[in-house]
Amino acid sequence: MSENKKKLILDIKDLVIHYETDDGVVEAVNGLDIQLEEGKTLGLVGETGSGKTTTALSILRLVPDPPGVIKNGTISLDGKDILNLPTEEMEKIRGNLVSMIFQDPMTSLNPVLTVGDQIAEVIALHENISEKEAAKKAGDMLEVVGIPRERFGEYPHQFSGGMKQRVVIAMALACNPKLLLADEPTTALDVTIQAQVLETMKELREKFGSAMIMITHDLGIIAEVCDEVSVVYAGQIVEHGTLEDVFEHTLHPYTEGLFGSLPNIDDRRNRLQPIPGLMPDPTDLPKGCCFAPRCRYCTAECEKARPDKKWVSDTHYVRCSRYEEAEFRIERSEQ
Amino acid sequence: MADTILEVKHLKKYFNTPRGMLHAVDDVNFTLERGKTLGIVGESGCGKSTTGRSILRLVEPTSGEVIFNGEDVTKKNKSEMRLLRQEMQLIFQDPYASLDPRKTVSEIIGEPLKLQKIITDKTKRNERVHELMEVVGLADRLVNTYPHELDGGRRQRIGIARALAMEPKMIICDEPVSALDVSIQAQILNLMQDLQEQMGLTYIFITHDLSVVNHFANDIAVMYLGQLIEKAPSVMLFDKPTHPYTQALLSAIPVPSLKKRRERIILKGEITSPINPKPGCRFAARCPYATDRCRTEGPELVEIEKGHFVACHLTTGS
């Protein structure tokens, strides 16, 4: 790999997270790596149960334990090894160095506190300033996300879904974090409101220079806001690259399947090309490549061992054994 | 006139709320041809689901006519309605909530056959259930499983099989794939398309996802705050969206491609309250082109070219 020119804000190496339940061990994250430079936006795309959210929670060290156990790996956040930090240190980092926007703004706000107080609370907690100053700063943050300061004293139920998500964003950005984790931030919103919120997030990211991990199942949102993409399947990144690498020079059969499943607005094809079958049961993952049972290019080799990363350029890698064969191409790359 | 299966005329559904009259569906008109698919799109609270439910009289329409196969649904009594509902079925959004958790797959699919006394013999009914399961692609071994044992895609297949049990002519699909992952969503959409071809079904496809409806529907109707504001064949609507709201809605869809970036129209504000709406165009408050006239006088739905209807003062002129 090329030398690190820019400083990494987040460096996750070989992360393994299991949920040990009575019904068996759920292998949620299986050897996942993320390297994210300061100020960049990475998209984590994958389907329900692929381990995207668990990964994000692990960065905040909020994986519920029990049953969640971090079996292996290191997470370095702004140079700090967070898996070995004492709890008090971690509390200083959360909401300050790194913060998270959750999917559902309806449940991530406290219904009995005014939105202004909720934002001020974060600021007062992390910055050594008076209550009055914190309140003033909270008001500023509201204006930054496009909510008039006058609504400081209102409660979450008085806001619409899009407005609530703006409040959550204001809260997440209040302490100017270096890394923002956004877990499906617009999934609960209507498209026109989604467009507003994404626009706000893009502007703010430029203004504050935060790095961001955008977790979504929507490749359209990825194309819109991200610099790099990691495609996650069964707890592993199966393909990673820049937007152009992944969208224009797709390598992994699963990524191809995701694109094939999407109705294309400009091309009314007769039939979609879905991925057959279902995600493997995370308590009983296949020995070989996890995607093999659904893969149209699968060979006997694929079922034997999990494929390693294969770098095809400085920025682009894929986990697929078929690429050991020099001639191998997926269909999409020939279009 | 083409073979019309459904004609909706001046359909209204108002709900009486403590804060005033909520105009959920306000004077909606459309016709639908047999064997075709009409997509109804719009954002939460625009009245698309209530429209679907009013057609089936699952909510009682306040006024208006729903003419299905030449008969006015709104004038039927309870027992006539029961018979009529065999021909009009509904598939719900949430396959997690629309299936009885205490019934097995075969009981769920067989229930309408039993209730409507179509097949009273148990063995024969089970045969039919097996047939239906095969049609929707559910493996035989799942016949005695319960919904909680199955994933979302399979649950939605049960919902489809249950709807098909009555051999309906028309199925109203209320966000049938919104709760599913994309790869599963594509499987279900393909299934629904195959069923339509095989059985000549007519669909009303209610969704907020324009790319799905563009793929699936022959005609698209766009709703805003209880009113139908634009209706056109899908290709025409996507090529020439005419109502400012439709334009904004189309431009807001994130496109999963790097080459086709579209110009974004970011709307200001949010959908206003449907309770006691003010006179004038309902979209005027958010519309970048609104004039004084738009704020005082509501536009009529006008056919601007064949099959393309728009309700907007700016496009219909004068």
Side-chain angles (χ1 to χ4, degrees), chain A residues 45-50 146 159-163 186-200 216-225 233 242-244 246-248 254 257-279 281 294, chain B residues 41-46 150-154 177-191 193-194 208-217 224 234-235 238-239 245 248-262 264-273 286:
Chain A
V45 62
E47 297 179 88
T48 318
S50 59
F159 288 76
S160 64
M163 291 294 234
T186 56
T187 308
L189 308 175
D190 279 316
V191 270
T192 60
I193 308 301
Q194 166 173 297
Q196 291 174 358
V197 170
L198 287 179
E199 199 63 27
T200 310
T216 178
H217 63 274
D218 188 334
L219 285 161
I221 293 179
I222 298 269
E224 195 105 340
V225 294
Y233 190 78
T242 62
L243 263 194
E244 206 192 329
V246 176
F247 278 70
E248 307 278 313
Y254 176 62
L258 283 181
F259 280 111
S261 300
L262 295 175
N264 190 330
I265 285 200
D266 298 302
D267 168 27
R268 286 167 57 91
R269 254 184 330 211
N270 264 332
R271 279 185 80 79
L272 300 171
Q273 293 156 356
I275 308 169
L278 302 170
M279 282 264 279
D281 178 355
R294 302 174 75 183
Chain B
V41 297
E43 298 179 273
S44 352
C46 72
L150 304 173
D151 60 276
R154 288 213 178 95
V177 293
S178 320
L180 307 175
D181 272 319
V182 276
S183 70
I184 308 300
Q185 172 176 316
Q187 293 174 6
I188 299 290
L189 288 174
N190 279 349
L191 170 68
Q193 214 160 18
D194 291 343
H208 68 280
D209 189 335
L210 278 149
S211 46
V212 166
V213 92
N214 173 48
H215 173 81
F216 205 82
Y224 190 81
S234 311
V235 182
F238 273 76
D239 281 353
Y245 177 65
L249 200 61
L250 289 184
S251 82
I253 310 171
V255 186
S257 161
L258 303 183
K259 286 175 191 146
K260 300 165 208 145
R261 290 275 164 95
R262 34 180 101 221
R264 266 284 160 81
I265 305 166
I266 304 270
L267 287 177
K268 294 218 175 66
E270 316 204 2
I271 206 159
T272 42
S273 167
R286 295 172 81 187

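All chains are named by letter (A, B, ...) in the order of the sequence lines, taking the proteins before the strands, and each is independently numbered beginning at 1.
For L249(B), the parts lying near chain A are the backbone and the side chain together; criterion is any non-hydrogen pair under 4.5 Å. When heavy atoms are compared at a cutoff of 4.5 Å, L267(B) approaches chain A by way of both its backbone and its side chain. With a 4.5 angstrom heavy-atom cutoff, M163(A) touches chain B via backbone and side-chain atoms both. Heavy atoms of E47(A) lying under 4.5 Å from chain B belong to its backbone as well as its side chain.
Counting heavy-atom pairs under 4.5 Å between each of D151(B), D209(B), I265(B) and chain A puts D151(B) at the top. Counting heavy-atom pairs closer than 4.5 Å to chain B, the top residue among H217(A), Q196(A), E244(A) is Q196(A). Highest contact tally toward chain A, considering only L180(B), D239(B), D194(B), is held by D194(B) [criterion: heavy-atom pairs under 4.5 Å]. Highest contact tally toward chain B, considering only V225(A), L219(A), I222(A), is held by L219(A) [criterion: heavy-atom pairs under 4.5 Å].
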Checking side chain to side chain contact (heavy atoms under 4.5 Å, CB included) for the pair D181(B)/M279(A): CA distance, chi angles, key distance, verdict?
-> CA-CA 10 Å; D181(B) 272 319; M279(A) 282 264 279; 5.9 Å; no
Between E224(A) and Q194(A), is a side chain to side chain contact (heavy atoms under 4.5 Å, CB included) present by the stated rule, with each step listed?
-> CA-CA 12 Å; E224(A) 195 105 340; Q194(A) 166 173 297; over 6 Å; no
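Residues forming a side chain to side chain donor-acceptor pair (under 3.5 Å) with R294(A) (at least two apart in sequence, or on another chain): Y233(A), S183(B). Listed by chain and number, the residues in a side-chain contact (heavy atoms from CB on, under 4.5 Å) with S44(B) are D190(A) (sequence neighbours excluded).
Nearest approach of L262(A) to P256(B), heavy atoms of both residues: CD1-CG, 3.6 Å.
H215(B) contributes atom NE2, which lies 3.5 Å from atom CG of L272(A) (distance to the nearest 0.5 angstrom).
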